[in-house]
Trainee: 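Below is one structure. I have some questions about it.
Predicted model, so just to flag it, every value in this text is computed and none were measured. Sequence lines set the chain letters: A, B, ... in the order given, protein chains first and strands last, and positions in each chain run from 1.
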Amino acid sequence: MDRSEALAFLGKLIGSDLVGLGNKHGVTIWKGTRINKGWAGHTIERHLGLPLNSSRSPNFGSWELKVVPVRAMPDGTFKVKETMAITMIDPVEVAAKEFLNSHLYLKLQRLLVVARIFESKAESRSLCHLIAEFDLSDQALYHQIKADYDLIRDVIRTKGFDYLKGSMGVMVQPRTKGPGHGSRSRAFYARTALVATILGIGVR
DNA sequence: CTATGATCATCC
DNA sequence: GGATGATCATAG
């Protein structure tokens, strides 16, 4: 299935409840008192017929699936609730590659982002809001993200991986990610401003 | 353990 | 409410 086919397929989910869909596919949302933070992503993947796996994610071969929560505002508009993890930072790879050849750029050209409406952390219900394709075709945005990548790359090369901070970057930030408990791995995250641009919301 | 899927908890 | 660092489930 290519990206446009998936877009059409997932479009049928708009307005429906993803919690119910997740349960139908056997996705674990709550494990006792603790939540499976990836439940929404797992739900969509199962719906598309993918087995769960942790392989380096050209998970659909030619494009990348992401789902992000948005919050419904009283005035009827929507805001992005969270930043979005894009891909792990491999310091060796980042130091060696120009933005054009980076894993980050490759992924940003192949996104299919699903926005779900977050109601509460009980996650008793979550409606599918919209599906958006993204390919980083906007020049100004491309230059800003390249600048962020170059900043991160420069810090890794001149100071070291451990000097990266979540406060760096305008559209894309380097942030800790992993199982926690001392893990020091980091990933590129799309800040909410970038996510909003991808979704075409929050900007007016 | 670290990759994938992400959101939670706490600070301001 | 927004930003940053920490953390959860699952699979290999």
Trainee: Quick check, are the ring centers of A:Phe99 and A:Tyr142 under 6.0 angstrom apart?
Mentor: yes
Trainee: Between P on B:dT4 and CZ on A:Arg46, what's the gap in Å once rounded to a whole number?
Mentor: 18 Å
Trainee: Which pair of non-hydrogen atoms, one from A:Ala122 and one from A:Trp30, has the smallest distance, and what is that distance?
Mentor: O-NE1, 3.3 Å
Trainee: For A:Lys37 and B:dT7, give me the distance from atom NZ to atom C1', rounded to whole Å.
Mentor: 5 Å
Trainee: Find the distance A:Phe118:CZ to B:dT7:C1' and express it as a whole number of Å.
Mentor: 8 Å
Trainee: So, OP1 or OP2 of C:dA9: does either fall under 4.0 Å of a side-chain N or O from A:Arg34?
Mentor: yes
Trainee: Rounded to whole Å, how long is the line connecting atom CG of A:Asn23 with atom P of C:dA9?
Mentor: 17 Å
Trainee: Any donor-acceptor pair, under 3.5 Å, between the side chain of A:Lys81 and the base of B:dT7, if you only look at N and O atoms?
Mentor: no
Trainee: Could you run down the sub-3.5 Å N/O contacts of the protein with nucleotides 1-5 of chain C?
Mentor:
| unit_1 | atom_1 | unit_2 | atom_2 | d |
| --- | --- | --- | --- | --- |
| C:dG2 | OP1 | A:Lys79 | NZ | 3.3 |
| C:dT4 | OP2 | A:Gln173 | NE2 | 3.2 |
| C:dT4 | OP2 | A:Arg191 | NH1 | 2.5 |
| C:dT4 | OP2 | A:Arg191 | NH2 | 3.1 |
| C:dG5 | OP2 | A:Gly166 | N | 2.6 |
| C:dG5 | N7 | A:Arg175 | NE | 2.6 |
| C:dG5 | O6 | A:Arg175 | NH2 | 2.5 |

Trainee: In whole Å, I'd like the distance from the CH2 atom of A:Trp39 to the P atom of B:dC8.
Mentor: 11 Å
Trainee: Among B:dA3, B:dG5, B:dA6, find the nucleotide with the atom closest to the side chain of A:Val67.
Mentor: B:dA6
Trainee: Send over the distance from A:Trp30 CH2 to C:dT10 P, rounded to a whole Å.
Mentor: 13 Å
Trainee: Can you measure A:Lys177 atom NZ to B:dG5 atom P for me and round it to whole angstrom units?
Mentor: 7 Å
Trainee: Taking only the side-chain nitrogens and oxygens of A:Lys66, find out if one of them lies under 4.0 Å from OP1 or OP2 of B:dG5.
Mentor: yes
Trainee: Quick one: side chains of residues 6-20 of chain A, donor-acceptor pairs under 3.5 Å with protein atoms, not counting sequence neighbours, listed by atom name and distance.
Mentor:
| unit_1 | atom_1 | unit_2 | atom_2 | d |
| --- | --- | --- | --- | --- |
| A:Ser16 | OG | A:Leu13 | O | 2.5 |
| A:Asp17 | OD1 | A:Val19 | N | 3.1 |
| A:Asp17 | OD1 | A:Ser126 | N | 2.9 |
| A:Asp17 | OD2 | A:Gly20 | N | 3.4 |

Trainee: Looking at A:Glu98, I'd like to know if its CD atom is crowded, meaning that more than 12 non-hydrogen atoms belonging to other residues, nucleotides or ligands lie closer than 6.0 Å.
Mentor: no
Trainee: Centre of A:Phe118's six-membered ring, under 6.0 Å away, within 45 degrees of the axis: is that where NZ or CZ of A:Lys81 sits?
Mentor: yes
Trainee: How close or far is atom P of B:dA6 from atom CD1 of A:Ile86, stated in whole angstroms?
Mentor: 12 Å
Trainee: Determine the interplanar angle of the A:His129 and A:Phe78 rings, folded into 0 to 90°, and report it as parallel if under 30°, tilted if 30 to 60°, perpendicular if over 60°.
Mentor: tilted
Trainee: Please determine, by modelled atom types, if A:Arg175 and A:Thr83 share a side-chain donor-acceptor pair under 3.5 angstrom.
Mentor: yes
Trainee: What nucleic acid atoms does A:Gly38 come within less than 4.0 Å of, heavy atoms only: base, sugar-phosphate, or nothing?
Mentor: base
Trainee: With DNA chain B as reference, determine whether A:Ile35 or A:His42 sits nearer its 5' end, using the nearest nucleotide of each.
Mentor: A:His42
